[in-house]
Structure formats: structure tokens, C-alpha cells
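Counting starts at 1 for both ligands and their atoms, following the listed order.
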Amino acid sequence: MHAYRRNIVITGGSGFIGSHVVRLFVNTYPDYRIINFDKLTYAGNPENLRDVENAPNYVFIQGDICDAAAVNAVFEEYTPDGLIHLAAESHVDRSIEGPEAFIQTNVLGTFTLLEAARKHWKDRTDVCFHHVSTDEVFGSLGDEGFFTESTPYDPQSPYSASKAASDHFVRAYFNTYRIPVVITNCSNNYGPNHFPEKLIPLAITRIQEKQPIPVYGKGENVRDWLYAPDHARAIDLVFHKGKRGESYNVGGFNEWSNIDLICLLCAIMDRKLGREPGESQQLITFVTDRPGHDHRYAIDAGRIKAELGWEPTVTFEEGLERTVDWYLANTAWTDHVRDGSYRDYIRRQYKEE
Ligand code: NAD
Ligand code: TYD
């Protein structure tokens, strides 16, 4: 049997960002065994990983991070040297509709993983628990200023409150039990495999089908967008070289109001679909605002740049072009998600609850 130099567990690897992280690690580190531990909720889609699922250094385990027995079994079987934790409920609107699943997975699930790390890693210092979090834990900015690593936590939605709670537990396990941890707090991601409930993939599919594009409120809210493969590169760097016990902000240096972003997307898609300039913009429909809608997120990513040399490699215009091209070339992916048949694939490959 191949002896791998390191065993790395990635939770939530079948989701949007997780699939980019799994792909990067499987391809970059053939001497690591990558164990993707994912429950395959509605957001988990094995089609995201078709290109690496047969790689010799890739293992998939369907499991729930809240299930201590299943998590301990992974630690016992693979003796992981590192854990990169992305599994989460990730959609703010869903957290407003039903916060409980967010507390369950994001808080209790993270706690369950930390407990397993404490039990199995004991005094090991050569291991790393990398917690992947969001800039939304810092709350909402006015028109000026940026989130830094020392910005006080001020989460406003059930989603961000659950992520903030999990960040605090991760720090507490470093301070109390000396588990080597790192945290990354990243801004909004976009790119291939993004579940079409989120703004950018939702708008792409609506434009394709000439359906209304729902813009909350006046579309004046601002987000800082980062191409997901660039986030995966940041995770790779911080996992390997980040100072243990510390956190790093990751962002795109790329702020857009929702309305300007949608107009840019409409222009790109008009061109690609051979429509008249301005045609898709007519699909924009202003709808009731999200309750407690955070006004602005903007990351100061100066620390990761100065200490680890990380910068985004893909400009927003380039990343959006690539993302639109991916969705136009992969209509089957969206169709399977929307008609539910991606669950058939899961049923065939793995056990369905
Ligand atoms: P996603 O919703 O696309 O994927 C989540 C994945 O976690 C899915 O594969 C799902 O099956 C899995 N999962 C959910 N509950 C689970 C459980 N109980 N046990 C095991 N697996 C479970 O999420 P995403 O957008 O890829 O986000 C990944 C991580 O990055 C999350 O922790 C999120 O908070 C964080 N993050 C996301 C963004 C963003 O813009 N999407 C930005 C910053 C940070
Ligand atoms: P989203 O993609 O849900 O990410 P987050 O809430 O985590 O930032 O939303 C991005 C922005 O787009 C946010 O300001 C809410 C807004 N939005 C809309 O205007 N319409 C939509 O249909 C959605 C899903 C989001």
C-alpha cells in the first residue's frame, strides 16, 4: 500500500469552495491522502469532484460532522495530520428561514470536530485544525473602512452568529488545549460549482432563461468578491505556513454594489449570448429587502499578503467571464441541481439518508 506523507481530512469537500480546495490539494500534493468527509446535504454535489474522484490519493466518506462516532472513526482509520474544516450551512437566507440547522452544523459540528482533535491529537504539535470562516462575523460596515483581523466580532444574521460562535470555539481550543489551529475569514466567493441559490449563479441562470433577476432592496449593498480557486490557494498557504493560533483575512480587494455587479453580469451575458446590449438588464426586478441585510463587507487582506505573499490572481472581469463560460458550458450541472437528479447520482454512488 502507498504510504502517504500526510493524511488530510477536508470537511465539506463536495460543496462549492470545498470542491476547489479538494481539487487543489489532490492535484498539488500526490503524496498527501485527501479524505473528503461530507454529509452531502442539498449543497453537497459529488458532480463537483468528478475530475478527481478516481485519483489514487482521494477518499470520500459520507458522514455528518455532528456524529461523534463517525468523526472519531475517521481519526482512528486515517490518523489525520491536518483537518481543513469547510462543512457548514452557508446560506444567509436559509438561516433566516430556519436557524436551527446552522446551530447544529456550524456550532455543534465544529465542536464535535474539535473534541475529536483534542482526543486523538493530544499533545501533537505537528498537526493543524484549519477552520474556514467568513468575514460576515465582523458584522456590517458603513461606506468607509475595512475588516482587519482585530475588528471586533459583531455578527448580525443567524448564519454569521453561528460562524462567529464556531470561530470562538476554535480559538478557545487553542488557548485551553493548545490544539494547533488557524482561522481564515474570507469575503464572498464566486466561480464554478456555486450553488444557484446564491446571487451570482442565480443571476446567471435567470439571465440564461430570461427570467426575473431578484435584487434585494435597492441593490446598494456592497460585497467584496473573490474567485473561489484564489480562496483555495489562500487556504493552502495558511494551512501550511500560517501562524498557529492566529487568523487571516482573505478578500478580493474587489468591492461591488449588487446592482453594479448584476449590470456587469448582464453586459457580459448579452455579449456571450448574442443579445442586444441592455437586453438582460431589463430582467432586473427589485424585491423586498432581506431582514437585517448587512450593508457592506470589505476585507483588508494586508496581513496574508505581507506575511504569506498571497494575492488574488484573477481579476473580477476575468473571473466573471470564466464563471459565465463555465455555467454556459455546464448546463447539465445546473439542470441536475435544479431538477434534483444530482441526488440520483448520490443515491447510486453513496447511501442516501
Ligand atoms: P456550501 O453550502 O456550498 O457547501 C457546504 C458543504 O458542507 C456541502 O458539501 C455539504 O454537504 C457539507 N455539509 C453541510 N452540513 C454538513 C454536516 N453536518 N456534516 C458534513 N458535511 C456537511 O458552502 P460553501 O459556500 O462552499 O462554504 C464552505 C465554507 O466556507 C463554509 O464554512 C462557509 O461558512 C465558508 N465561507 C463561504 C463563503 C462563500 O462566499 N460561499 C465565504 C467565506 C467563507
Ligand atoms: P448571497 O450570495 O446570498 O451572499 P451573502 O448574503 O452571504 O453576502 O448574497 C450576496 C448579496 O446579494 C447580498 O447583499 C444579498 C443579495 N442578494 C440579492 O439581491 N438577491 C438574491 O436573490 C440573493 C440570493 C442575494
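Geometrically, ligand 1 and C66 share no nitrogen or oxygen pair separated by less than 3.5 Å. The shortest N/O to N/O separation between H85 and ligand 1 does not fall below 3.5 Å. Taking distance alone, with nitrogen or oxygen atoms compared against 3.5 Å, Y216 approaches ligand 2 more closely than that limit. Residue I65 has at least one nitrogen or oxygen atom sitting less than 3.5 Å from a nitrogen or oxygen atom of ligand 1, judged on distance alone. Considering backbone and side-chain atoms alike, H293 places an N or O below 3.5 Å from some N or O of ligand 2. Between T41 and ligand 1, at least one pair of N/O atoms sits closer than 3.5 Å. Annotation: Y42 places no N or O atom under 3.5 Å from an N or O atom of ligand 1; distance criterion only. Inclusion of V215 in the set of residues having an N or O under 3.5 Å from an N or O of ligand 2 is not warranted. Considering backbone and side-chain atoms together, D38 places an N or O closer than 3.5 Å to an N or O of ligand 1. Residue P214 has at least one nitrogen or oxygen atom sitting less than 3.5 Å from a nitrogen or oxygen atom of ligand 2, judged on distance alone. Ligand 1 has a nitrogen or oxygen under 3.5 angstrom from a nitrogen or oxygen of N189. Considering both main-chain and side-chain atoms, F37 never comes within under 3.5 Å of ligand 1 through any nitrogen or oxygen pair. For ligand 1, the polar-atom distance check against F16 finds a nitrogen or oxygen pair separated by under 3.5 Å. Where the criterion is an N or O separation shorter than 3.5 Å, residue side chain and backbone included, R223 meets it with respect to ligand 2. Considering backbone and side-chain N/O atoms, N258 comes within less than 3.5 Å of an N/O atom of ligand 2. Where the criterion is an N or O separation shorter than 3.5 Å, residue side chain and backbone included, R290 meets it with respect to ligand 2.
R233 places a side-chain N or O within 3.5 Å of a backbone atom of E311 that can act as its donor or acceptor partner. In this structure a side-chain-to-backbone donor-acceptor pair under 3.5 Å is missing from N185 to S133. The backbone N or O of A70 lies less than 3.5 Å from a partner atom in the side chain of D67, making a donor-acceptor pair. A donor-acceptor pair under 3.5 Å is absent between the side-chain atoms of D260 and the main chain of W256, judged by distance alone. In this structure, the side chain of D31 does not engage the main chain of R6 through any donor-acceptor pair within 3.5 Å. Within the 3.5 Å criterion, the main-chain N or O of T148 finds no donor-acceptor partner in the side chain of D300. Under the 3.5 Å distance criterion, the side-chain polar atoms of N57 are matched with a main-chain donor or acceptor of V26. Although no hydrogens or angles enter the test, the distance criterion places no donor-acceptor pair under 3.5 Å between the side chain of W121 and the main chain of D126.
Between Y42 and F195, the ring center distance clears the sub-6.0 Å criterion. Ring centroids of Y190 and Y227 are separated by less than 6.0 Å, placing the two rings close together. Here the two rings, on F138 and Y153, have centers that are under 6.0 Å apart. Aromatic ring centroids of H240 and Y32 lie under 6.0 Å apart.
Heavy-atom proximity to S90, at under 4.0 Å, picks out these atoms of ligand 1: 1 (P), 2 (O), 23 (O), 25 (O). The contact set between ligand 1 and D64, taken as ligand atoms under 4.0 Å from a residue heavy atom, comprises 17 (C), 18 (N), 19 (N). Taking a cut-off of under 4.0 Å to the non-hydrogen atoms of L202, the atoms of ligand 2 that pass are 22 (O). Every atom of ligand 1 is numbered from 1 in the order shown, and the set under 4.0 Å from a heavy atom of G63 is 19 (N), 20 (C). Atoms of ligand 1 lying under 4.0 Å from any heavy atom of L40, numbered from 1 in the order shown and given with element: 11 (O). Short contacts between ligand 1 and Y159, defined as distances under 4.0 Å to a heavy atom of the residue, involve ligand atoms 33 (C), 34 (O). Near E136, meaning under 4.0 Å from one of its heavy atoms, ligand 2 places the atoms 5 (P), 7 (O), 8 (O). The atoms of ligand 1 that sit less than 4.0 Å from any heavy atom of V132 are 30 (O), 32 (O). For ligand 1, the atoms closer than 4.0 angstrom to any heavy atom of K39 are 16 (C), 17 (C), 18 (N), 19 (N), 20 (C), 21 (N), 22 (C). Counting atoms of ligand 1 from 1 in the listed order, those under 4.0 Å from a heavy atom of S187 are 42 (C), 43 (C). Interface atoms of ligand 2 facing H91, defined by a heavy-atom separation under 4.0 Å, are 3 (O).
Judged by the 6.0 Å and 45° rule, R171 forms no cation-pi pair with F169. The cationic group of R118 lies under 6.0 Å from the six-membered ring centre of Y177 and within 45° of the ring axis, placing it in a cation-pi geometry. Annotation: cation-pi pair R23/Y58 absent, no NZ/CZ under 6.0 Å from the ring centroid and within 45° of its normal.
Residue contacts with ligand 2 for V92 involve side-chain atoms from C-beta outward but no N, CA, C or O (heavy atoms, distance under 4.0 Å). Residue contacts with ligand 2 for V287 are absent, since no atom lies close enough (heavy atoms, distance under 4.0 Å). Counting heavy atoms closer than 4.0 Å to ligand 1, residue K163 contributes side-chain atoms (C-beta onward) but none from N, CA, C or O. If you look at N188 next to ligand 2, the close heavy atoms, those under 4.0 Å, all belong to the side chain.
Atom 24 (C) of ligand 2 has its closest protein heavy atom at E197 O, 3.3 Å. For atom 41 (N) of ligand 1, the closest non-hydrogen atom on the protein side is I17 CD1, 3.6 Å. Protein heavy atom nearest atom 10 (C) of ligand 2, with residue, atom name and distance: L199 CB, 3.9 Å. Scanning the protein for heavy atoms near atom 29 (C) of ligand 1, the closest one is L86 O, 3.2 Å. Nearest protein heavy-atom contact of atom 44 (C) of ligand 1 is S133 O, 3.1 Å. For atom 4 (O) of ligand 1, the closest non-hydrogen atom on the protein side is G15 CA, 3.4 Å.
Heavy atoms of G109 stay at 4.0 angstrom or farther from ligand 1.
Salt-bridge formation is detected for the pair E209/R338: a Lys NZ or Arg NE/NH1/NH2 atom is positioned less than 4.0 Å from an Asp or Glu carboxylate oxygen. With respect to the salt-bridge test (charged N to carboxylate O, under 4.0 angstrom), the residues R303 and E149 do not qualify.
Exactly one of I262, L264, I268 qualifies for a side chain to side chain contact (heavy atoms under 4.5 Å, CB included) with C266. That residue is I262.
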Any chance you could lay out the side chain to side chain donor-acceptor pair (under 3.5 Å) test for Y297 and D294, step after step, and finish with the verdict?
CA-CA 8 Å; Y297 306 140; D294 288 342; 2.6 Å; yes
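Defined by atom type and a distance below 3.5 Å, a donor-acceptor pair is missing between the side-chain atoms of D335 and Y342. N7 and T79 share no donor-acceptor pair across their side chains, judged by distance under 3.5 Å alone.
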